Structures are given as C-alpha cells and as structure tokens.
Amino acid sequence: QVQLIESGGGLVQAGGSLRLSCAASGRTSSTYGMGWFRQAPGKEREFVAAISWSGGVSSYTDSVKGRFTISRDNAKKTVYLQMNSLKPEDTAVYYCAARYTTSDSTYYTKTYNYDYWGQGTQVTVSS
C-alpha cells in the first residue's frame, strides 16, 4: 500500500504561480509512475501531467503545456507540479496518483492506470 498526501494548493490571482507537492509513504521501495489529475465541479477527473519512475520522460495535457512542470525527487519520495501563468480555468481539485511499474521510462495518462490516489488539494484561480 502507498499513501499519498498532496499539499500546496490555495487561492491565487490569474497569472500567478503555485507549486503542488505529493508526498508518498508506505510501500515506497518499489518503483512507481506518478501523475497529477484535476477535477472541476460538475466535470470528470482529467489528466494533467505524468512522469516516469526515473523522471526521464513526462507528458502534459495540451492546455497546460508550457505553463506546468512535473518533477520528482525519489530520495524525498515526493512529486511536484509547478504551475505558472495560472488561469481561472485551472481552478479544480488536484489529485496525485501512483501506480507500480517495472519500467523506468513509461508514463501513464489515464485514471484507470493508477492504483493509489491522494485526497486532493484545492486550487482556485481568481480573474
């Protein structure tokens, strides 16, 4: 079992920045692909960004490319999402997710790819 705890959400004006963190605990000796998803009110949970176990490859949804950066520090068992140039449409609850993997160069972009989820952190961008 892996437990994930997100932090770093909050209220920010459009154009501002936030950095989300996701700390993992539990069975973290295995290798895990990690991802960030978000869910706005009345909408389905959607993919935001994902990163391979090694951190060598990553993927982003088109709407955040060039503005968001996913990274990880395996020594600290933490994944980050740096969000710059935030827009009101980025407002959502952001979730961290993890899945066991045997590949160090694969990322996963679907909700059903993931086995473990955090509780979410609210990001609100005001116009």
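Computed from a predicted model, the values in this text were never measured in an experiment. Note that the numbering runs from 1 along the sequence shown for the chain.
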Problem set entry | Same cluster (ILVMFWY, side-chain, under 4.5 Å), Val48 and Tyr116 | yes
Problem set entry | Side chains of Lys77 and Ser25 in contact at under 4.5 Å (non-hydrogen atoms) | no
Exercise. Are Gln122 and Thr91 close enough that some pair of their side-chain heavy atoms sits under 4.5 Å apart?
Worked result: yes
Exercise. Just wondering, are more than 12 heavy atoms of other shown residues or ligands nearer than 6.0 Å to OH in Tyr107?
Worked result: no
For this session: Please check if Leu20 and Val125 belong to a single hydrophobic cluster, counting links between Ile, Leu, Val, Met, Phe, Trp and Tyr side chain heavy atoms closer than 4.5 Å.
Result: yes
Exercise. Under a 4.5 Å side-chain heavy-atom rule over Ile, Leu, Val, Met, Phe, Trp and Tyr, are Val2 and Tyr108 clustered together?
Worked result: no
Exercise. Where is the tightest heavy-atom contact between Ala92 and Ala40, given as atom of each residue plus distance?
Worked result: CB-N, 3.8 Å
Exercise. Quick one: do Phe37 and Met83 end up in the same hydrophobic cluster if we chain Ile, Leu, Val, Met, Phe, Trp and Tyr together by side-chain heavy atoms under 4.5 Å apart?
Worked result: no
For this session: Looking only at non-hydrogen atoms, find the nearest pair between Ser17 and Asn84 and report the distance.
Result: OG-OD1, 2.9 Å
Problem set entry | Approximate separation, where rounding is to 0.5 Å, of Thr69 OG1 and Arg19 CZ | 11.5 Å
Exercise. Taking all non-hydrogen atoms of both residues, which atom of Thr109 and which atom of Ser59 are closest, and how far apart?
Worked result: CG2-OG, 4.1 Å
For this session: Measure across Ile70 and Tyr60 and return the closest heavy-atom pair with its distance rounded to 0.1 Å.
Result: N-OH, 2.9 Å
Exercise. Measuring from Ser71:OG to Met34:CE, what's the distance to the nearest 0.5 Å?
Worked result: 11.5 Å
Exercise. Between Arg99 and Tyr114, do the side chains contain an N or O donor and an N or O acceptor separated by less than 3.5 Å?
Worked result: no
Exercise. Passes side chain to side chain contact (heavy atoms under 4.5 Å, CB included), Thr111 versus Trp117? Steps please.
Worked result: CA-CA 10 Å; Thr111 55; Trp117 292 84; 4.0 Å; yes
Exercise. Nearest heavy-atom pair of Glu6 and Gly120: which atoms, and what distance?
Worked result: OE1-N, 2.9 Å
Exercise. Roughly how far, to the nearest 0.5 Å, is the SG atom of Cys96 from the CD atom of Gln119?
Worked result: 9.5 Å
Problem set entry | Residues Lys65 and Asp62 bridged, charged N to O under 4.0 Å | yes
Exercise. According to a 4.5 Å side-chain heavy-atom criterion applied to Ile, Leu, Val, Met, Phe, Trp and Tyr, with indirect links allowed, do Tyr80 and Tyr32 form part of one hydrophobic cluster?
Worked result: no
Exercise. Could you go step by step and tell me if Thr31 and Tyr100 meet the side chain to side chain contact (heavy atoms under 4.5 Å, CB included) rule?
Worked result: CA-CA 6 Å; Thr31 54; Tyr100 173 71; 4.1 Å; yes
Problem set entry | Option among Leu81, Val123, Asp90, Val93 that satisfies the side chain to side chain contact (heavy atoms under 4.5 Å, CB included) test with Arg38 | Asp90
Problem set entry | Nearest-0.5 Å distance that lies between atom SG in Cys22 and atom CZ in Arg72 | 9.5 Å
Exercise. How many angstroms lie between atom CH2 of Trp36 and atom OG1 of Thr121, to the nearest 0.5 angstrom?
Worked result: 7.5 Å
For this session: Enter the distance from Tyr95:OH to Arg45:CZ here, rounded to the nearest 0.5 Å.
Result: 4.5 Å
Exercise. Quick one: does Asn74's side chain have a donor or acceptor within less than 3.5 Å of a partner on Trp53's backbone?
Worked result: yes
Seminar exercise, completed: Closest non-hydrogen contact found for Val57 with Ser105 is CG2-O, 3.4 Å
